[in-house]
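Some notes on the structure that comes next.
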Protein chains: 2
Amino acid sequence: MHTETDIRRLRRFNRSVTSALGAMDQSFLGRGRPLGVARVLNAIGQGMTEVRELRAYLGLDSGLMSRNLRTLEEEGLIATTASEEDARQRQVQLTEAGRAEFNAYERLSDQHALEILGRSRRREELLAALDLVSATFCATAPHIHRADPRDVNIAYAMAEYTKELSLRFGRSFAVSQMSEEERLDFLPPRGIFLLASVDGVAMGCGALRPLQPGTGEVKRVWINPAWRGRGVSRRLMDALEQEARGLGYGSLRLDTSRHLPEAVALYHALGYREIDRYNDNPDADHFFEKLL
Amino acid sequence: MHTETDIRRLRRFNRSVTSALGAMDQSFLGRGRPLGVARVLNAIGQGMTEVRELRAYLGLDSGLMSRNLRTLEEEGLIATTASEEDARQRQVQLTEAGRAEFNAYERLSDQHALEILGRSRRREELLAALDLVSATFCATAPHIHRADPRDVNIAYAMAEYTKELSLRFGRSFAVSQMSEEERLDFLPPRGIFLLASVDGVAMGCGALRPLQPGTGEVKRVWINPAWRGRGVSRRLMDALEQEARGLGYGSLRLDTSRHLPEAVALYHALGYREIDRYNDNPDADHFFEKLL
DNA sequence: CTTTTTAACTGACTTAGGTCAGATAAGTAC
DNA sequence: GTACTTATCTGACCTAAGTCAGTTAAAAAG
């Protein structure tokens, strides 16, 4: 092995990224507010409302937290109120001015991010690399939640999904626009579309639609390559089965392909049993069923 | 396109990496020295000797720089002397104690890096991703320099090289141990081994060895995938040709394969002309020559 | 030799960021 | 109701980091 070289590669990464992202933090200073205060404003903008939650997230001393909140309050960016259940705890909200200020910070960050992306001539590759590094460093598990089939995050996931199918099958798959009828198939009470996301970015999805009375079909299961091997697909499938029961399905079917061996292995591992072909999908050559 | 999502992917990367690498900077605090002073010590340990050079690199005010140097001097970690050419300028060196302290910091960083690497179950992929991100963020061009064929950096480059050949040819190539005679072929006055490196990590290499009287052969040209498309191979080949002239060669030959189309294109672009097979390498199917 | 420029240094000052010991007020246990 | 606990706040204090004006001594220009 070349452990010594590997260490140097990681440390070089550290150096280059620290200086590049340091510039990103500098942009926070562009609005004449100290970093600490800006970070608090940002956390509130993310949707955190309780002071204790903010303190835990930012790792701040209660005194310092208090002072930062006072600063923002004096600037008219936030408003604090006592919690209804426990009047000792305080709730924080952005005022209108605070929302505007938060949005200004968001635009600064987006602009900086866009500039970095523009610097790369190999954007797809770079993004995949960023995802893999994020996934390695990220401790929190992805959050699985329902979404409307027309959500932009689903559009993104589907684009990645078809990109991967094209790669695996060695021929081009098109991203099909979803018709209104199809969309209804993926919404309760007929079906469901689930997203797995981390920090608001979709890194996996899976859907359910009606096949026959009492039987649902699992469709569009995809996990971002960077996140594979962490049990996300298993959690996603569990969630889909849970939803299927809630929708009144007694069994689930699905088709897949020998070009997706991990999928075939996954369904076997999850207790799906191979059955005969149940549709005329020319790309499918494995068919599964599971009784719920 | 999914620019919005792409921005969120980069920003998520930023967040996860900042917290992970923040811990790395924390480890600098483990030796009870403020970050600023530790950074100065580190820069000196890297080999910087002139105060102005240090200031430019660290972006410090001259007053602050001076104070940090005084702190390190009082701790007995560095010694300053007036420059011989210009007594206003000062030169800085580590004392023995300073060297020991610097090494202690290096060990801390290495340890932290190793811990991060150990966290990943897909180390090869992770390292490739780290390289690509570094390459995107890094502004400085790689440094091309001579190296002994037995240098560990060359061993690493050769391992990556054969790994890539195996991938491209679809069969396994072995990393061959270099014999003493082979090694001499790659050292002046018979040949040369060049490394292209960034921050001390090899990201490309190329070599020259004698073929016939007056004719040298170009061998082992490899560029880390993360760095391709930035003109490194062109610079490397230029450097090799320069060296070849210095060694008295009038022409260069090389062989390559249709499995390495970028290489074939590169040699065409650099003015090499296709010739008949000049050796019995079963893996080669393209043969080139250039008169210097 | 005098004047100007330059590299590094020194002292005075500012700000960000953080710690810590109470104070205050609301909730909980008895 | 009293005693204890908890969440937040306030004031006093500290350190790291950086700015700035001016000093010192060497080098360069005249």
Side-chain angles (χ1 to χ4, degrees), chain A residues 18-19 22-23 25-44 48-75 77-93 105, chain B residues 18-19 22-23 25-44 48-75 77-93 105:
Chain A
T18 302
S19 56
D25 287 340
Q26 290 296 322
S27 76
F28 269 94
L29 301 176
R31 294 193 68 78
R33 197 169 281 113
L35 187 62
V37 181
R39 291 215 314 147
V40 173
L41 181 65
N42 184 56
I44 298 169
M48 287 185 208
T49 54
E50 280 159 40
V51 173
R52 49 180 330 175
E53 188 186 5
L54 283 165
R55 272 186 47 204
Y57 175 68
L58 297 167
L60 293 183
D61 170 88
S62 84
L64 187 50
M65 181 81 244
S66 205
R67 248 182 295 277
N68 284 336
L69 289 176
R70 235 35 64 222
T71 306
L72 290 169
E73 208 163 33
E74 275 160 32
E75 284 191 82
L77 302 178
I78 61 168
T80 58
T81 50
S83 162
E84 293 195 355
E85 310 94 70
D86 184 341
R88 289 172 305 180
Q89 291 184 27
R90 316 221 84 207
Q91 308 256 299
V92 192
Q93 292 96 32
Y105 276 109
Chain B
T18 302
S19 56
D25 287 340
Q26 290 296 321
S27 76
F28 269 93
L29 301 176
R31 295 192 69 77
R33 197 169 280 114
L35 187 62
V37 180
R39 291 215 313 148
V40 173
L41 180 65
N42 184 54
I44 299 169
M48 288 184 207
T49 54
E50 280 158 41
V51 173
R52 48 180 332 173
E53 187 186 7
L54 284 164
R55 270 186 48 203
Y57 174 69
L58 297 167
L60 292 183
D61 171 89
S62 84
L64 187 50
M65 180 82 244
S66 207
R67 247 182 295 276
N68 284 336
L69 288 175
R70 235 35 65 221
T71 306
L72 290 169
E73 208 163 33
E74 274 161 32
E75 283 190 82
L77 301 179
I78 62 169
T80 58
T81 50
S83 162
E84 294 196 354
E85 309 94 72
D86 183 343
R88 289 172 305 180
Q89 290 183 27
R90 316 220 86 206
Q91 308 255 302
V92 192
Q93 291 96 31
Y105 277 108

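Just so it is clear, the model here is predicted, and its values are computed rather than measured. Here is the naming used below: chain letters follow the sequence lines, and residue numbers restart at 1 for every chain.
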A correct 5'-to-3' footprint of nucleotides 13-24 of chain C, with B, S and - meaning base, sugar-phosphate only and no protein heavy atom under 4.0 Å, is ---SSBBB----
Does any part of the side chain of B:Leu77, heavy atoms only, come nearer than 4.5 Å to the side chain of B:Arg33, both counted from C-beta? yes
Here the distance between atom C1' of C:dC9 and atom CG of B:Leu69, to the nearest Å, is 10 Å
Of all heavy-atom pairs linking B:Ala82 and B:Ala87, the shortest is CB-O, 3.7 Å
Only one of B:Leu72, B:Leu35, B:Thr71 clears side chain to side chain contact (heavy atoms under 4.5 Å, CB included) with B:Val40; which? B:Leu72
For each nucleotide in nucleotides 23-30 of chain D, reading 5' to 3', give B when a protein heavy atom comes within less than 4.0 Å of its base, S when such contact involves only the sugar-phosphate, and - otherwise. ---BS---
Is any side-chain heavy atom of A:Glu73 closer than 4.5 Å to one of A:Thr80? yes
Hey, does the side chain of A:Arg52 come within less than 4.0 Å of D:dA7's phosphate (OP1/OP2), counting only N and O? yes
So, is A:Arg70 near the phosphate of D:dC9, with a side-chain N or O under 4.0 Å from OP1 or OP2? yes
Compare all side-chain heavy atoms of B:Leu41 with those of B:Tyr105 and state whether any distance is below 4.5 angstrom. yes
Whole angstroms only, please: what is the CG-P distance between A:Leu54 and D:dC9? 11 Å
Do B:Ile44 and B:Leu69 come close enough that some side-chain heavy atom pair is under 4.5 Å? yes
Can you list, pair by pair, the side-chain donor-acceptor contacts under 3.5 Å of residues 55-68 of chain A, counting residues two or more places apart and other chains?
residue: A:Arg55; atom: NE; partner: A:Leu60; partner atom: O; Å: 3.4
residue: A:Asp61; atom: OD2; partner: A:Gly63; partner atom: N; Å: 2.7
residue: A:Asp61; atom: OD2; partner: A:Leu64; partner atom: N; Å: 3.3

Is there a side-chain contact between A:Asp86 and A:Gln89 in this structure, where contact means two heavy atoms from C-beta onward sitting under 4.5 Å apart? yes
Can you check the B:Gln89 CD to C:dT5 C1' distance for me, whole Å? 14 Å
CE of B:Met65 versus C1' of C:dC9: gap in Å, rounded? 12 Å
